[in-house]
Structures are given as structure tokens and as C-alpha cells.
Amino acid sequence: AKAIVSQRLGTSKVAASAIISAIEMMENHPALEMDRPAEFPLVAAFHATGSRHIAGEIETRLAEGYRTFKVKVGNDADADLKRVAAIQQAAAGRAVLRIDANRGYSEADAVRFARSLDPAGIELFEQPCAAEDWDANARVAKVSTVPLMLDEPICAAEDIDRAAGLEGVGFCKLKLKRFGGLQRLRDALAQVRACGMEPVLGDGLSSEIACWMEACASVGLVTKAGEFNGFLKPATRLLTNPLVFSSGSLRLPARFRPEIDLDLLTRHAIACERFAA
């Protein structure tokens, strides 16, 4: 079954990854068999803009246990630089920042932003330009005061190799939904490290099951705060044993297995299909 689905990875990596990782779960993939409790520090999305609100949100996030903040930029390079500087000043070294342009800058604006960025307390600068514009992102990486992280372009082993050849690119961000299952994801994480870069793992849009799988996949391969925090966002939790968040971290007990609340799932279902063997 995995071989059949793998042949269709090019049609939809998201759909194929969901099916393959479900099969790997039924197979008791070794990555999911954690025999001891584990905790995984998570990144916190940072939203405040005005100086007063920035200070307040920093104190709130620190009190929640977060030590890595993700700051979105990509609209106005000059305004973004001022906001980042205000966050740096208020954080005062108590947390590290990830700056994410999410493909929002033109090359010229991205170069100006990256060249002017004060590196103090900043871990990385993520995806400044369009995913398909490798040349623009490469030129930004060359002048950036902090290492660049590529996100959307990293979908296969060859993308990791290509990123490793770019001066100034120090990180690759991987997601389970792009790599066709747990084993392929683990192999890709190891490849990032073998290429001399640091992997960052996680999808802020994932469900509890995918976040659990990404956390398990990160063991022994990822040292940076995880971005598998999507489970914190929905108002409705679909597990009878929801993932536990405490002190800025996802905490998993030994031999954890997610258990779906089938009644709750049925109430939220839009459609259902069954396939004969």
C-alpha cells in the first residue's frame, strides 16, 4: 500500500503523506515508540505591534514558558525593522527571535531588511522571497546579518542539497506533509544535518496527530524549538487524550498513542467515504 501511494506523491504530497504516515502508525514505526516521557520546546507566534503591547506580550509569552518567538514581517521593510528592534529591546535577551517574511518581500526590500537587521538575539531569517525564486533568496542570504532558513522550497532531498550550496543559508524547515511519511521525514532531517545545516521541524496548521508525529520524528535529529504547535489553535480538540502543553513545551508521556473521540469526530465530519479491500 505504501508503494502504491508513494507513486502518487507528485499528485498531492499532503494527501499521500497522511496515508503513508497512517500506515506507518499501524506498523508501529520505531520513531513513534518512545519508551520514556519527553518534552519538546515550542515556538510562540508573536503578534503585538505597538511598543506598549510588545512589552506586554513578551511578558505573557515568557510567563507561559516560551523562549523562542516567531515574528512575522514582509510588508514594509522599514516598519518591520523598527518593530523587530522594539521586540529585541523589550525581550532583552530573554528569548530568541525567528523572523519570518513568509515570501512577502521583493528582492530589493529583502536585501535592505536583511542587511540592516541587528543580529542580537535573532536565530534566523525565514523565507524572504518567493519560494520558486531561488536566486533572489540566495542573494538575500549572502548579505543577511543572520542565517537564512528556507521553508516552502524544501520538499525533497534534492532541495536540501540545493539549499546547502547557498552561502548564508543555515537552516531548512521541514514538514511531515511535504515528505511522504515518517521515515522519509526522518531521512530528510538527517540529510539536513549531514549537509552542515540545522533542521527546524513543524507545521503550525497541523492537527494533533500530525503534531505528535512531528514531535516524535524530531527526537535525536532536531535541537531547535519545534513549530508543531497547530494543536493549540482549534477550539475543538478531537482526542480523548489531548496533547499536553505546559511551560512552553509539548509534553508526551511514555508510549503515548492518540485516541480519537469518535463521537466528537462524527459531529464535526463534513463527509465520509469507505473503500473496500
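For this chain, numbers begin at 1 and follow the sequence in order.
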Test item: D76 side-chain N/O and D78 main-chain N/O as donor-acceptor pair under 3.5 Å: yes
For Q89, does the CD atom have more than 12 heavy-atom neighbours from other residues, nucleotides or ligands under 6.0 Å away? no
Can you tell me how far CG of N102 sits from NZ of K72, rounded to the nearest 0.5 angstrom? 4.0 Å
Applying side chain to side chain contact (heavy atoms under 4.5 Å, CB included) to C216 and M34, what does each step give before you reach the verdict? CA-CA 8 Å; C216 292; M34 292 194 304; 3.9 Å; yes
For V43 against Y66, the heavy-atom pair lying closest together: O-CE2, 3.8 Å
Taking R83 for the side chain and V73 for the main chain, is one N or O donor matched with an acceptor at less than 3.5 Å? no
How close do A163 and L150 get, heavy atom to heavy atom, and via which atoms? CB-CD1, 3.9 Å
May I ask you to decide if A18's main-chain N or O and S21's side chain share a donor-acceptor pair within less than 3.5 Å? yes
For the side chain of S218 and the backbone of A215, is there at least one donor-acceptor N/O pair under 3.5 Å apart? yes
Are D133 and R103 within salt-bridge range, i.e. N to O under 4.0 Å? no
Looking at R139 and E167, is there a salt bridge between them, counting it only when a charged N and a carboxylate O are closer than 4.0 Å? no
Grouping I, L, V, M, F, W and Y whenever their side-chain heavy atoms are under 4.5 Å apart, do V143 and F171 come out in a common cluster? no
Reported CG-to-OG distance for the pair L42 and S247, which is rounded to 0.5 angstrom: 11.5 Å
Output, in order, the C-alpha distance, side-chain angles, deciding distance and verdict of side chain to side chain contact (heavy atoms under 4.5 Å, CB included) for K2 and V5. CA-CA 5 Å; K2 287 192 293 186; V5 176; 5.9 Å; no
For the side chain of R94 and the backbone of R67, is there at least one donor-acceptor N/O pair under 3.5 Å apart? no
Kindly indicate, with the supporting measurements, whether the criterion side chain to side chain contact (heavy atoms under 4.5 Å, CB included) is fulfilled by I154 and L174. CA-CA 7 Å; I154 308 301; L174 278 59; 3.9 Å; yes
Evaluation steps, salt bridge (Lys or Arg N to Asp or Glu O under 4.0 Å), between E208 and R237: CA-CA 8 Å; E208 285 190 279; R237 306 286 291 275; 2.8 Å; yes
May I ask you to check whether over 12 heavy atoms, not counting those of K142, lie within 6.0 Å of atom NZ? no
Contact check, side chains of L238 and I209, non-hydrogen atoms, under 4.5 Å: no
Identify the two heavy atoms, one from E214 and one from D203, that lie closest to each other, and give their separation to 0.1 Å. OE1-N, 3.1 Å
Any donor-acceptor N/O pair, K175 side chain to L201 backbone, under 3.5 Å: no
Output yes when a side-chain donor or acceptor of T145 lies under 3.5 Å from a complementary backbone atom of L117, and no otherwise. yes
Centroid separation under 6.0 Å, is that true for the rings of F231 and F245? no
Is there a side-chain contact between D159 and P153 (heavy atoms, below 4.5 Å)? no
At what distance, to the nearest 0.5 angstrom, does CZ of F125 lie from CG of D100? 8.5 Å
Starting from L176, can I reach I20 by hopping between I/L/V/M/F/W/Y residues whose side chains sit under 4.5 Å apart? no
Validation row: L148, L124 side chains within 4.5 angstrom (heavy atoms): no
Could you report the tightest heavy-atom contact between R257 and L32, atom names first, then the distance? NH1-O, 3.4 Å
Once you measure the plane-to-plane angle for F256 and W212, does it fall in the parallel (<30°), tilted (30-60°) or perpendicular (>60°) bin? perpendicular
For the atom pair CG (L239) and CD (E259), what is the distance rounded to the nearest 0.5 Å? 8.5 Å
Checking side chain to side chain contact (heavy atoms under 4.5 Å, CB included) for the pair S17/R178: CA distance, chi angles, key distance, verdict? CA-CA 7 Å; S17 297; R178 292 189 194 138; over 6 Å; no
CZ (R8) and CD1 (I4) are apart, to the nearest 0.5 Å, by 11.0 Å
Can you give me the closest heavy-atom contact between A110 and V140, atom names plus distance? CB-CG2, 3.6 Å
Decide yes or no on side-chain hydrogen bond (donor to acceptor under 3.5 Å, both in side chains) for Y105 and D80, but give the supporting numbers first. CA-CA 11 Å; Y105 284 135; D80 288 340; 2.6 Å; yes
Got a salt bridge between R98 and E126, using NZ or NE/NH1/NH2 to carboxylate O under 4.0 Å? no
For the hydrophobic clusters of this structure (ILVMFWY residues joined by side-chain heavy atoms under 4.5 Å, transitively), does one cluster hold both V96 and L81? no
Is it true that a side-chain atom of E33 and a backbone atom of R255 form a donor plus acceptor pair closer than 3.5 Å? no
Check whether any side-chain heavy atom of V200 lies under 4.5 Å from a side-chain heavy atom of M149, and answer yes or no. yes
Counting only heavy atoms not in K82, do more than 12 fall under 6.0 Å of its NZ? no
Report the residues that fulfil salt bridge (charged side-chain N to carboxylate O under 4.0 Å, His left out) with E64, sequence neighbours left out, ordered by chain and then residue number. R61
Are I122 and V84 side-chain neighbours, meaning at least one heavy-atom pair lies under 4.5 Å? yes
Are L243 and V219 linked, directly or through intermediate hydrophobic residues, by side-chain heavy-atom contacts shorter than 4.5 Å (ILVMFWY only)? yes
Hey, is the main chain of D151 close enough, under 3.5 Å, to the side chain of Q127 for a donor-acceptor pair? yes
Membership question, hydrophobic clusters at under 4.5 Å side-chain separation (ILVMFWY): are L205 and L185 in the same one? no
Within-4.5 Å side-chain heavy-atom neighbours: I54 and T49: no
Which heavy atom in N137 sits nearest to a heavy atom in A130, and how many Å separate them? ND2-O, 3.0 Å
Are the side chains of C195 and V192 in contact, using a 4.5 Å heavy-atom criterion? no
For H47 and E57, does a side-chain donor sit closer than 3.5 Å to a side-chain acceptor? no
Okay, side chain of E39, backbone of L252: is any donor-acceptor separation there less than 3.5 Å? no
Heavy atoms, side chains only, cut-off 4.5 Å: are P253 and P37 in contact? no
Decide if atom CZ of R193 counts as having more than 12 heavy atoms of other residues, nucleotides or ligands within a radius under 6.0 Å. yes
Does a side-chain N-to-carboxylate-O contact under 4.0 Å join D187 and R184? no
If you round to the nearest 0.5 Å, how far is CG of L166 from CE of M197? 8.5 Å
For the residue pair F40 and F228, does the interplanar ring angle fall in the parallel (under 30°), tilted (30 to 60°) or perpendicular (over 60°) class? perpendicular
